[in-house]
Structure formats: C-alpha cells, structure tokens
Amino acid sequence: YMGIQSKFQFNFFTKLQSMEKVREDVEEQAPEETLSTPGVIDKYQDAAKIANTVLERVIGRVQVGSRVVDLCEFGDNQINEELNKIYNNKKIEKGPAFPTCISVNEICGHFSPLKSEGTDYILKDGDVVKIDLGIHIDGFIALVAHTVVATADTSAIVEGTKADVILAAYNALQASLRLLKPGNKNDDVTRTISSVCESYKVNPLEGVLSHELKKHLIDGNNVIINKETFDQKADEHEFQINEVYALDVIVSSGEGKPKESEYRTTVFKRAIEKTYTLKTKNARQFFNEVIDKYPTLCFSIRAFEDEISAKIGVSESLKHELLIPYPVLIEKTGDIVAQFKVTVLVLKNGPKVITGLPLIYERFKSENKVSEEVQTLLDTPLVVKKDKKKKE
C-alpha cells in the first residue's frame, strides 16, 4: 500500500520484489507515459480535483453521531458522480483508485465496513477521524488523506495528545514536501518525519510506505519509508524530475507498531502477476467483475451489488493469491493515530502538490513545537519562482 503494508512485518521484502515484477510487466506492455507526455499532467490534475472535492464533502459530514459506513458509502458515491461528469466523449478508463476509508482513533487505516455487518462505528465527540480515498483517470492516480476531529462544538480547540499527533503528522508532511525535489533522497524525508515526531513526543507508524505512482500502478518500486527499523528499510533513491509520489505520513501517540485487527478486511487489489481459473461460478463471476471494473487498482467489497457472492469470490481468490488484501490495522486501545497524504508531482522548479487540504492551525493547541531546522524548512516556499528580469 502507498500507506500501510498488509502483513507488513513478514511480507516487507517479498512485497517489494513483487512490486518490481508488476512494474516491469506494466512497462513492457506499452511505452511509459510520464509527466512529460502531453495530457498526462491534466489527467492527474483532473483526478486530484475530484479527490479534493470528495474529501471536502466527506469532511462536511463528519459529525458526532455520523455512521462510518454511511460516510464511506457517501464518499464512494460522490467519486462515481463526479467521474460521470468528465471524459465522457473519450474512451478513457476512470474510477476509484482507492475506496473511501474512515479510520477512527487507534484504527490506523483501511477501515471501510459493510452495511450488512455489525462492525459499523458511530462517531463520538472527540473522535480523531482519518479519511482516505483515491481516484484515477486513464490510470493516472490521485490519492489523498486528511485527519479531522469530530466535535459537537465546531469551534472547539483541540489540545493535548490529539493536537500533538495531528500537528506532528501535518508538519512532518509539510516539511517532507519541501525535500521532494531532484537531488534529494528518500532517507532525507524519513529522517525529517522522525525529527518532527520526536519534537511532538509521538511516533511515526511502522510499515508505512509512500510509493511512486505510475500509470495503473499504485505501489511503484521507489518508496519513502515512514519509519526505518532493523528489519524494515527502503533502498536509497534520489528523486528525479517527472516522478509522482503519494506522500503518506501516519503518526501515533502509541508505539507506532500496528497489529492486524479482528475487523473484516474489505479492501483488496488484484495481484496482476497471478493467474488461476477459479472453480465456482460465483467466484468466477466476481473475479470477472474485478478484472472489468478494477483491473489494476483498489476496491471495496461494498462496491459489489451481490455482497454474499463477493465474499465467496474474495475467499476463493485469496486462497489462490489472486488478490492482495489491505487488512484493518490498529494500535492499542486509547492510542491516537493521525494521517495526512498528498499526491505530488516532482517538477523542475519544485514539487507540485495536487491533492490535500490545509490544516486549520487555529483549531489546534500544543505545548510542543518543531526544531529550528524543521521550522526553517517549513518557512521555505514549496516552489522557487523564477526571476523574470531579462539579463542585460
């Protein structure tokens, strides 16, 4: 995942190897389209515009008493409604790249429950709510995530641990963005995330990767690791012009070592390097629909009309490794987890951030602050404007 790894402790290296194979397969199929290819930046920006619009609308419905399953359904419906308005005269694939997930408090990510099950969650006053979703147009992906606090009093100031976690995640993201330019390296970003978290006395979440995005590829081989550990490291990589990243920062008030939860996994992605003919009719129907609607990107079981058949299809597909699961990961009860994710185009004159919403700083109060070094970075403009004066 551009965010949290599924089975991340055990599959870390095998996942990277499998991503390398997928990347090679994708590149073999056609000449690679990059940001320098005419029309590509437009598609990224059109996808990003929808991602931001839907995110804002979902945030507008985050209220005390809201049901998480309703918010997820609303987000997915909005994605489809907005996509139906554009690129209708051209034969261009478009759809969700990642289903709407609403993960609350200690739930780290991928929580996208089904209406038919009793795993739904009703938001309470003070809940820390992470919203995560993605769109693609012609395979060009725009991902976004944002954290808000559900409060009965919408003008209430958020203080203490909740403020620390949210400010750490947001400031770490903002500082990291300023390093996403040609010549800098991925481990510069990892160190900066660590520094910001240290200042706020919180921890970056382990097992989280910010992936390079390519056409139809949500988990490209070049990555930025949220937290380096003894057994989780990323190969060093120097950022290049025309790369695209989903920069994903997830921070916890706890140890930052998430575990798989008891919640049903509902988010999956097709393992495109695997083939197998499924035995049952239901499973074949389900998998044919996956190939048709979600050939390369992520989906939720909720998107299928016949949920029972979809569950059977998922079960059989997993046995034969045809799907990659995105399990619901959690920290300990009482821990608070915050997430901010943006899609960034690495351009010649600096990073161009196409998704993401600003944090309303006035709503958060913390006794902690970032180091002088990080503050200097935060004060640096994202894009250096060219001097327009003519040379004499």
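Judged purely by distance below 3.5 Å, without hydrogens or angles, the side chains of N288 and K293 never pair a donor atom with an acceptor atom. Side chain to side chain, S366 and D164 meet the donor-acceptor criterion of an N or O pair below 3.5 Å. A donor-acceptor contact closer than 3.5 angstrom links the side chains of Q339 and D248. Using modelled atom types, one finds no donor on one side chain facing an acceptor on the other under 3.5 Å when comparing R191 with S176. Inspection of the D76 and T100 side chains reveals an N or O donor paired with an N or O acceptor under 3.5 Å. D153 and T151 share no side-chain donor-acceptor pair at under 3.5 Å.
Within a 6.0 Å sphere centred on CD of E289, heavy atoms belonging to other residues, nucleotides or ligands number more than 12. With a 6.0 Å radius and a threshold of 12 heavy atoms from other residues, nucleotides or ligands, K181 has its NZ atom at or below the threshold. Other residues, nucleotides and ligands contribute over 12 non-hydrogen atoms within 6.0 Å of the CD atom of Q375. For K227, the NZ atom sits in a packed shell: over 12 heavy atoms of surrounding residues, nucleotides or ligands are nearer than 6.0 Å. More than 12 heavy atoms of other residues, nucleotides or ligands lie within 6.0 Å of NZ in K85, so this atom counts as buried by the packing criterion.
Here the side chain of N184 pairs a donor or acceptor atom with the backbone of L179 at under 3.5 angstrom. Side-chain N or O atoms of Q78 include none that pairs as donor or acceptor with a backbone N or O of G75 at under 3.5 Å. Using a distance-only test at 3.5 Å, with no hydrogens or angles considered, no donor-acceptor pair links the side chain of S66 to the main chain of V62. The closest donor-acceptor contact from the side chain of R270 to the backbone of L322 lies at 3.5 Å or more, if one exists at all. No donor-acceptor pair under 3.5 Å is formed between the side chain of K130 and the backbone N or O of C108. Side-chain atoms of K233 come within 3.5 Å of backbone atoms of T229 as a donor-acceptor pair (strictly under, hydrogens ignored). Remark: the backbone N or O of P113 is paired with a side-chain donor or acceptor of R302 at under 3.5 angstrom.
By the rule that hydrophobic residues join a cluster once side-chain heavy atoms approach within less than 4.5 Å of another member, V314 and Y276 end up as members of one cluster. Linking Ile, Leu, Val, Met, Phe, Trp and Tyr whenever their side-chain heavy atoms come within less than 4.5 Å leaves I308 and F304 in two separate clusters. Hydrophobic clustering, with ILVMFWY side chains joined whenever heavy atoms are under 4.5 angstrom apart, groups V353 together with L378. Hydrophobic clustering, with ILVMFWY side chains joined whenever heavy atoms are under 4.5 angstrom apart, keeps V64 apart from V129. The hydrophobic cluster containing L173 does not contain I360, counting ILVMFWY residues as joined when their side-chain heavy atoms lie under 4.5 angstrom apart, directly or transitively.
Residues K214 and E32 are paired through a salt bridge, judged by an N-O separation under 4.0 Å between the basic side chain and the carboxylate. One finds a salt bridge joining K311 and E307 here, because a Lys/Arg side-chain nitrogen approaches an Asp/Glu carboxylate oxygen to under 4.0 Å. Classification of E316 and K319 as a salt-bridged pair fails, no side-chain N sitting under 4.0 Å from a carboxylate O. We find that D70 and R61 are not joined by a salt bridge, their nearest charged nitrogen and carboxylate oxygen being 4.0 Å or further apart. Ion pairing between E255 and K332 holds under the 4.0 Å rule for side-chain N and carboxylate O.
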For the pair I301 and F268, evaluate side-chain contact (heavy atoms from CB on, under 4.5 Å) and give the outcome as yes or no after the intermediate values.
CA-CA 8 Å; I301 295 176; F268 299 91; 3.8 Å; yes

Might you work through the side-chain hydrogen bond (donor to acceptor under 3.5 Å, both in side chains) test for E73 and N77, ending with a clear yes or no?
CA-CA 6 Å; E73 279 196 342; N77 289 338; 5.4 Å; no

One pair to check against side-chain contact (heavy atoms from CB on, under 4.5 Å): T265 and V328. What are the steps and the verdict?
CA-CA 6 Å; T265 299; V328 181; 5.5 Å; no

Step by step, work out the side-chain contact (heavy atoms from CB on, under 4.5 Å) result for L329 and K259.
CA-CA 5 Å; L329 299 176; K259 303 272 189 301; over 6 Å; no

Test side-chain hydrogen bond (donor to acceptor under 3.5 Å, both in side chains) on Y87 and D138; report intermediate values, then the result.
CA-CA 10 Å; Y87 289 94; D138 198 21; over 6 Å; no

Pair Y245-H211, ring-ring contact (aromatic ring centres under 6.0 Å, His included): steps then yes or no
CA-CA 6 Å; Y245 286 89; H211 288 273; 9.4 Å; no

Does the side-chain contact (heavy atoms from CB on, under 4.5 Å) test come out yes or no for E331 and L205, once each step is laid out?
CA-CA 9 Å; E331 278 273 69; L205 206 69; 4.1 Å; yes

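For the atom pair NE2 of H216 and OG1 of T296, the computed distance is 5.0 Å after rounding to the nearest 0.5 Å. For the atom pair L247 CG and S210 OG, the distance stands at 4.5 Å (nearest 0.5 Å). Atom OG1 of T355 is separated from atom CG of N52 by 5.5 Å, given to the nearest 0.5 angstrom. Here the CG-CD distance, from D188 to E238, works out to 9.5 Å after rounding to the nearest 0.5 Å. Note: I224 CD1 to D187 CG = 10.5 Å, rounded to the nearest 0.5 Å.
For the pair L213/L143, a side-chain contact is recorded, criterion being any heavy-atom separation below 4.5 Å from C-beta on. Side-chain contact between E236 and N186: present, with at least one pair of heavy atoms (C-beta onward) separated by less than 4.5 Å. Under the 4.5 Å side-chain criterion, counting only non-hydrogen atoms from C-beta, L114 is not in contact with V69. At least one side-chain heavy atom of T161 sits less than 4.5 Å from a side-chain heavy atom of S253. Proximity of V128 to T147: side-chain heavy atoms (C-beta onward) are separated by under 4.5 Å at one or more points. The shortest side-chain heavy-atom distance between L123 and V68 falls under the 4.5 Å cut-off. D335 has its side chain out of reach of V165: every pair of non-hydrogen atoms, C-beta onward, lies at least 4.5 Å apart. Between V158 and K365, every side-chain heavy-atom pair lies at or beyond the 4.5 Å cut-off.
Ring centroids of F364 and Y170 are separated by 6.0 Å or more, keeping the two rings apart.
Screening residues 320-330 for salt bridge (Lys or Arg N to Asp or Glu O under 4.0 Å) gives K274-E321 as the qualifying pairs, with residues at least two apart or on separate chains.
Relative to the six-membered ring of F74, R57 misses at least one condition, a distance below 6.0 Å or an angle of at most 45° to the axis.
Across all non-hydrogen atoms, the minimal contact from L133 to A51 is CD1-O, 3.8 Å. Of all heavy-atom pairs between S195 and V374, the closest is OG-CG2, 3.6 Å. When every heavy atom of I122 is checked against every heavy atom of G65, the shortest pair comes out as CG2-O, 3.6 Å. Residue E56 comes nearest to L357 through the heavy atom pair CG-CD1, 3.5 Å, listed as atom of the first residue, atom of the second, then distance. The shortest non-hydrogen separation linking I102 to C72 is CG1-SG, 3.5 Å. Residue N226 comes nearest to T190 through the heavy atom pair O-CG2, 4.1 Å, listed as atom of the first residue, atom of the second, then distance.
Of the candidates F299, F98, F111, Y263, F98 is the only one forming a ring pair (Phe, Tyr, Trp, His ring centres under 6.0 Å) with Y326.
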